[in-house]
Amino acid sequence: MNTSLENLTHKMQRAALGKIVDVALSHAEQDREKTMCQLVDAAKQFYGSGFSDETYENAKKVLTDPDSKWTKLINCVLDQTDPHVARTTALNLGYEAFFRGTKTIRENRVKYQCNIPWLILFDPTSACNMHCVGCWAGEYGNKNNLSFEDMDKIVTQGKELGVYLYMLTGGEPLVRKKDVLKLAEKHNDVQFAIYTNSTLIDEPFCEEVRRLGNIAFMLSIEGTPETNDARRGEGHYAAVMHAMDLLKKYGIIFGTSICYTRQNIDAVTNDEFMRFLCEKGAHFGFYFHYMPVGNEAAPELMPTPEQRKYMIDRIRYLRSSECDIPFYPMDFQNDGEFVGGCIAGGRNYFHINSAGDAEPCVFIHYSNANIHDQSILEILHSPLFMAYHNGQPFNKNHLRPCPMLENPELLEKMVHETGAHSTDLQSPESVEHLCEKCKAYAADWQPTADEVWSHHKIRESRYENYKDWKPSQPLD
């Protein structure tokens, strides 16, 4: 099929799905059950045999049960989301990223024999207006910025490979508000998610975000005013509360980004906190294990093995039907079993910092590729990225997925063998220094992780390295 015909088919499919979404959303107020059935039918129309008939029927059963946790969660999101934002998100995340993008990505993994990610993270700037304890970004200052042309290149080339989801990190991405909005307008078929400290969210900005419809937010918060401001600075908690109120007012989708540490783990996971987030309008969020990255890191903030085991149990409970809180948490470090281990190095994602350095992970500050003189595809073929591609999974126990935190000898080996250099913008950190901070943690965590993992029922269809995937395999 030639390119012009492919583009025509793409536009026709998007338009057809747009009409289905419009009809479904028009019924949302009067008949949620009908809306859910229509959306599942639309998914079946576009995903087809990628999932079994039983999967589609089970989805309908769960989503049309008024007492189902998932029904309650979706109803909460639909009730507070602006219709244009809901429509754009459904098309960009549902059609472009999940359906069309996933298909293209899988084809390109076979074609190019390297990892092709499902999402790309990048830092518009190194600048941040805060100085959180143990965070490397606050030390960088306004040293580096990706130009608008740099960011446009990342998204344009990413889309050619099938990537339609982009997350903006930092620094504080909203230091570059004007360019972020310009980028979202130019690439309105893409879904953007911004990790932000919330302090720069105001009403004029929210008006523009609502108009565009393709930006969601992940707000940094760490429990109570006391536990939050102790690490992030006085007044930050109040700023997050104000941002949540504004985003809810304008019908903009947002969730949370929570770094759990030895000091705050109870405050950021208890029932009262989770219900409070729901009341404020957040119904999903990512939990991130504190990583001792950078020469000024605070390893004493790393959770104990007992705390991490608690985190595993707690997150699974919050996601279960036993819990009536309409919030869906995801745990970056402990959910490896659901994604086949480490997802970095382009396996499912990678990171580009504000200097243009392509890093395998937002927490792994080593690179031998840069967006200023290489394409996205060339980056994915670079030595360090190919070492990830060839080495994943780094551990068959997916509660020990990371080549830094739980298998530090592997990161050290890869960095040395590929000649990767430190990309720390303030104080370059040797890989030996970084990994040394993780060795005791890895040894302490291993017995607990192995004991917990021994009781897990592993999904046999889960492939752990995309070299093993064949085009005939169904979606996983």
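The closest side-chain heavy-atom distance from Leu200 to Thr196 is not below 4.5 Å. Using a 4.5 Å cut-off on side-chain heavy atoms (C-beta onward), Met241 and Ile221 make contact. Considering only heavy atoms from C-beta on, Val175 stays 4.5 Å or farther from Pro124 through its side chain. Side chains of Gln191 and Thr89 form a contact here, defined as non-hydrogen atoms less than 4.5 Å apart. Residues Lys280 and Phe276 form a side-chain contact, since some pair of their non-hydrogen atoms from C-beta on lies under 4.5 Å apart.
The shortest heavy-atom contact between Thr64 and Cys37 is CG2-SG, 3.7 Å. Taking both residues in full, the closest heavy atoms of Ala243 and Leu219 are given as CB-CD1, 4.5 Å, listed atom of the first, atom of the second, then distance. Nearest approach of Phe338 to Arg319, heavy atoms of both residues: CE1-NH2, 3.4 Å. Of all non-hydrogen atoms in Pro292 and Lys437, the two that sit nearest each other are O-NZ, 2.7 Å. The two atoms that bring Leu380 and Gly346 nearest to each other are CD2-CA, 4.1 Å, heavy atoms only. The minimum heavy-atom distance between Cys342 and Pro401, with the atom names listed, is CB-O, 3.5 Å.
Using a 3.5 Å distance cut-off with no hydrogens or angles, the side chains of Asn197 and Glu172 do pair a donor with an acceptor. A donor-acceptor pair shorter than 3.5 Å cannot be found between the side chains of Asn353 and His365. Side-chain contact of Asn334 with Arg314: a donor-acceptor pair under 3.5 Å is absent, judged by distance alone. Looking at Gln333 and Tyr287, their side chains never bring a donor and an acceptor atom within 3.5 Å of each other. Judged by distance alone, the side chains of Thr169 and Asp123 do bring a donor and an acceptor atom under 3.5 Å apart.
With sequence neighbours left out, the ring pair (Phe, Tyr, Trp, His ring centres under 6.0 Å) criterion links Tyr328 to Trp70. Taking Lys248 as the reference, Gln80, Phe254 meet the side chain to side chain contact (heavy atoms under 4.5 Å, CB included) condition, with sequence neighbours excluded. Residues satisfying the ring pair (Phe, Tyr, Trp, His ring centres under 6.0 Å) test with Phe122, not counting sequence neighbours, are none. Evaluation of the ring pair (Phe, Tyr, Trp, His ring centres under 6.0 Å) rule for His187 yields no partner, not counting sequence neighbours. With sequence neighbours excluded, the residues that form a side chain to side chain contact (heavy atoms under 4.5 Å, CB included) with Ala193 are Met167. Under the rule for a ring pair (Phe, Tyr, Trp, His ring centres under 6.0 Å), the partners of Phe217 that lie at least two apart in sequence or sit in another chain are Phe205.
Ring-plane geometry between Tyr441 and His289 is classed as perpendicular, the angle between the planes exceeding 60 degrees on a 0 to 90 degree scale with a lower cut at 30. Ring-plane geometry between Phe98 and Trp118 is classed as tilted, the angle between the planes lying from 30 to 60 degrees on a 0 to 90 degree scale. Under the 30°/60° scheme for interplanar angles, the aromatic rings of Tyr166 and Phe192 are found to be tilted. Under the 30°/60° scheme for interplanar angles, the aromatic rings of Phe288 and Phe332 are found to be tilted.
The CD1 atom of Ile201 sits 5.0 Å away from atom OG of Ser198, with the distance rounded to the nearest 0.5 Å. Rounding to the nearest 0.5 Å places OG1 of Thr304 at 11.5 Å from NZ of Lys309. Separation of atoms CG (Asp245) and NE2 (His242) is listed at 8.0 Å; rounding is to 0.5 Å. In this structure, Leu121 CG and Ile352 CD1 are separated by 9.5 Å, a value rounded to the nearest 0.5 Å. The distance from the CG atom of Asp82 to the CD1 atom of Ile252 is 8.0 Å, given to the nearest 0.5 Å. Rounded to the nearest 0.5 Å, atoms CZ (Arg210) and CD1 (Ile253) are 14.0 Å apart.
Between the side chain of Ser320 and the main chain of Glu322, a donor-acceptor pair closer than 3.5 Å is present. Distance alone, capped at 3.5 Å, is enough to place a donor-acceptor pair between the Arg109 side chain and the Ile116 backbone. Judged by distance alone, with hydrogens and angles left aside, the side-chain atoms of Asn214 form a donor-acceptor pair with the main-chain N or O of Val190 at under 3.5 Å. Here the side chain of Asp65 pairs no donor or acceptor atom with the backbone of Thr71 at under 3.5 angstrom. Side-chain atoms of Asn270 come within 3.5 Å of backbone atoms of Asp266 as a donor-acceptor pair (strictly under, hydrogens ignored). Side chain of Ser454 to backbone of Glu451: a donor-acceptor contact under 3.5 angstrom is found. Distance alone, capped at 3.5 Å, places no donor-acceptor pair between the His398 side chain and the Asp335 backbone. Judged purely by atom type and a 3.5 angstrom limit, His283 uses its side chain to pair as donor or acceptor with the backbone of Pro326.
Glu203 CD: more than 12 foreign heavy atoms inside a 6.0 Å radius.
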| request: List the steps and the verdict of side chain to side chain contact (heavy atoms under 4.5 Å, CB included) for Met404 and Val293. | output: CA-CA 10 Å; Met404 177 190 75; Val293 176; 4.1 Å; yes
| request: Assess whether ring-ring contact (aromatic ring centres under 6.0 Å, His included) is satisfied between Tyr164 and Tyr95, documenting all intermediate values. | output: CA-CA 10 Å; Tyr164 279 80; Tyr95 171 65; 8.5 Å; no
| message | side chain to side chain contact (heavy atoms under 4.5 Å, CB included), that's the test. Do Phe273 and Arg275 meet it? Break it down for me. | response | CA-CA 6 Å; Phe273 177 65; Arg275 293 187 190 281; over 6 Å; no
| Where do Asn92 and Arg14 land on the side chain to side chain donor-acceptor pair (under 3.5 Å) test, with the steps shown first? | CA-CA 9 Å; Asn92 292 359; Arg14 184 179 171 98; 2.9 Å; yes
| Residues Tyr260, Thr269; criterion side chain to side chain contact (heavy atoms under 4.5 Å, CB included); working and verdict | CA-CA 9 Å; Tyr260 61 93; Thr269 58; 6.0 Å; no
| task | Start with the C-alpha distance between Lys159 and Glu96, add both sets of side-chain angles, then the distance that settles salt bridge (Lys or Arg N to Asp or Glu O under 4.0 Å), and finish with yes or no. | result | CA-CA 10 Å; Lys159 285 162 65 173; Glu96 302 290 2; over 6 Å; no
| field | Verdict with supporting geometry, Thr125 and Leu146, side chain to side chain contact (heavy atoms under 4.5 Å, CB included) | value | CA-CA 6 Å; Thr125 181; Leu146 292 176; over 6 Å; no
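At a threshold of 4.0 Å, the pair Asp450-Arg400 counts as salt-bridged, since one of the basic side-chain nitrogens sits closer than that to a carboxylate oxygen. Between Glu406 and Arg308 there is a salt bridge, since at least one side-chain N of the basic residue sits less than 4.0 Å from a carboxylate O of the acidic one. The residues Arg316 and Asp331 are annotated as not salt-bridged, no charged nitrogen and carboxylate oxygen being separated by less than 4.0 angstrom. Between Lys60 and Asp41, at least one side-chain nitrogen of the basic residue sits less than 4.0 Å from a carboxylate oxygen of the acidic one, meeting the salt-bridge criterion. Here Asp179 pairs with Arg176 in a salt bridge; the nearest charged N to carboxylate O distance falls below 4.0 Å.
Phe385 and Phe350 have their aromatic ring centers within a separation under 6.0 angstrom.
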